[in-house]
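Chain letters run A, B, ... following the sequence lines, proteins first and then strands; every chain starts at 1.
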Protein chains: 2
Amino acid sequence: MEADTPRIEEYLESIYKLQQEQHPVSTSRLAEHLKLSAPSVSEMVKKLANKRLVNHTEKGVCLTDEGNTMAKRVVRRHRLSERLLTDILGYKWDEVHDEACRLEHAISPQMEDRIALSLGNPKTCPHGHPIPDKDGVLLKEKVRPLSELKSKEKAIIVNVFEEDPKMLQYLASLGLIPDVSVLVEEVAPFGGPLIVCVSGSRYALGREVASKIKVK
Amino acid sequence: MEADTPRIEEYLESIYKLQQEQHPVSTSRLAEHLKLSAPSVSEMVKKLANKRLVNHTEKGVCLTDEGNTMAKRVVRRHRLSERLLTDILGYKWDEVHDEACRLEHAISPQMEDRIALSLGNPKTCPHGHPIPDKDGVLLKEKVRPLSELKSKEKAIIVNVFEEDPKMLQYLASLGLIPDVSVLVEEVAPFGGPLIVCVSGSRYALGREVASKIKVK
DNA sequence: ACTTCTTATTAGGTATACCTAATTCTTTGT
DNA sequence: ACAAAGAATTAGGTATACCTAATAAGAAGT
Ligand SMILES: [Mn+2]
Ligand SMILES: [Mn+2]
Ligand SMILES: [Mn+2]
Ligand SMILES: [Mn+2]
């Protein structure tokens, strides 16, 4: 009864991620994120519901406790893979997503342990997201999007909710990476850009982009 | 035309390995090695032949040049994975096979390069088998099975052609690992055991086992 | 030469996971 | 209240890679 294929893992992981933004996840959003057709997703969601990994209501899909546990295991492997890639193999943060997305399905519980141990039990992935521990416990910090800061507010970047390599490269080029301190100099009105100050330089950042950056 | 699935990789890798022992590989041998039914293998071999990755004659299956090239790429990834597991993640040589067999299909050319670089371009896997380089060039040393040595002959272990964890554990417990020097003290007649001397200790080794150990 | 054993293939079928086209169900604007 | 738009599902189909049972082909033994 406990047969998990890579595909199931992939769906659970996507649902998990999308739930952070929008609680019951719509099948269309899920299809978009997985780059699959809506009917394919519809069908698969039905199977996941049969396996009691998700609840499927009118409002959308949500993970059951069991589904959540399984999703977090995949997320753990994904984020540990990312750290392995950056910390040991010298990858940049914009190069790791796709690679980790394949690795996460090929990693045994033993390998998971060994990676964690070799890396000194890292708490976050290179993008600042928490790595769930063996028991699925994960500490989320209270954060808000950079886009919501007021003028003259100062904060520290916690994570970046983005996986597009181009965007990540861009952010890294501005020094907008986790643990960096940012000062919002000015907020243009009517949804205009933010002028931010990062390690001595000043940049204009679109709201859309700024909303992906979570700070504390 | 160049779509390689994990399954195709798996078949090519198995054929490659089995070719070292028996040149045209029989489908039954292949089925046994892959732990699949004979008809499944029969069918898949037909597909591989269609894709010009193997030639299938009465005598059996052999890799074409293209199949061989592809197989060596998989073997490279497999052996690099094994080295990653032992050298960086602290695995023992008997624990790496199955793990590497999954990883090899999840590793991009970029990751392959990075692993090789991070490990200092290792020449062999933990079992002593050569790692093909990027261009598929692989240096095979001239070796013979330990089982063919005469009494009083001394040699150095090059590799161990075995993937069963139990057997590998046993061999490691006797110190029978690559680069170790072995002296054959005595060869019992009628296919009997060899008495070998390894780093100061003396052991009796069955012929079957000894034939898996290649020395120079 | 013929029977037996082994090896390989054909036949027929299953599960998984995807697709497009058509349909139904749900909002939402007027 | 209802038509149009949008979201989701159903219907029908494909590709891949397995399986068992039955059959055919090849090798070996008497
Ligand atoms: Mn994935
Ligand atoms: Mn990440
Ligand atoms: Mn494999
Ligand atoms: Mn090896």
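An OP1 or OP2 oxygen of C:dT10 is reached within less than 4.0 angstrom by a side-chain nitrogen or oxygen of B:Lys46. Contact annotation: B:Ser42 reaches the phosphate of C:dT9 (side-chain N/O to OP1 or OP2, under 4.0 Å). Residue B:Thr27 has a polar side-chain atom (N or O) positioned under 4.0 Å from OP1 or OP2 of C:dA8.
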N/O to N/O distances under 3.5 Å, protein versus nucleotides 14-17 of chain C:
residue : atom : partner : partner atom : Å
C:dA17  : OP1  : A:Thr5  : OG1          : 2.7

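In this structure, of D:dT20, D:dA8, D:dT9, it is D:dA8 that holds the atom nearest to the side chain of A:Ser26. Relative to the side chain of B:Ser37, the nucleotides D:dC18, D:dT20, D:dT10 differ in distance, and D:dT20 lies closest.
Sequence order on DNA chain C of the closest nucleotides to B:His56 and A:Lys35 puts B:His56 first from the 5' end.
Counting to the nearest Å, the P atom of D:dA7 and the NZ atom of A:Lys59 are 17 Å from each other. A straight line from CG of B:Leu30 to P of C:dT7 spans 14 Å, rounded to a whole angstrom. Nucleotide C:dT6 holds its C1' atom 17 Å from the CD atom of B:Glu58, rounded to whole Å.
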Please list every donor-acceptor pair under 3.5 Å in which a side-chain atom of residues 204-216 of chain B meets a protein atom from a residue at least two apart or in another chain.
residue  : atom : partner  : partner atom : Å
B:Arg207 : NE   : B:Gly192 : O            : 3.1
B:Arg207 : NH2  : B:Ala188 : O            : 3.1
B:Ser211 : OG   : B:Glu208 : O            : 2.6
B:Lys212 : NZ   : B:Glu162 : OE1          : 2.8
B:Lys214 : NZ   : B:Ser211 : O            : 3.4
B:Lys216 : NZ   : B:Glu141 : OE1          : 3.1

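Within 6.0 Å of CG in A:Asp65 there are 12 or fewer heavy atoms belonging to other residues, nucleotides or ligands.
Contact annotation for B:Ser28: backbone-only contact, meaning every heavy-atom pair under 4.0 Å involves sugar-phosphate atoms and none involves a base.
Under 4.0 Å is where a charged nitrogen must lie from a carboxylate oxygen, and between A:Glu82 and A:Arg79 no such pair does.
Judged as a side-chain contact (heavy atoms from CB on, under 4.5 Å), and not counting sequence neighbours, the contacts of B:His105 are B:Pro6, B:Glu9, B:Glu10.
Using a 4.5 Å heavy-atom cutoff, the side chains of A:Val184 and A:Leu146 are in contact. Counting only heavy atoms from C-beta outward, the side chains of B:Val41 and B:Tyr11 approach each other to under 4.5 Å.
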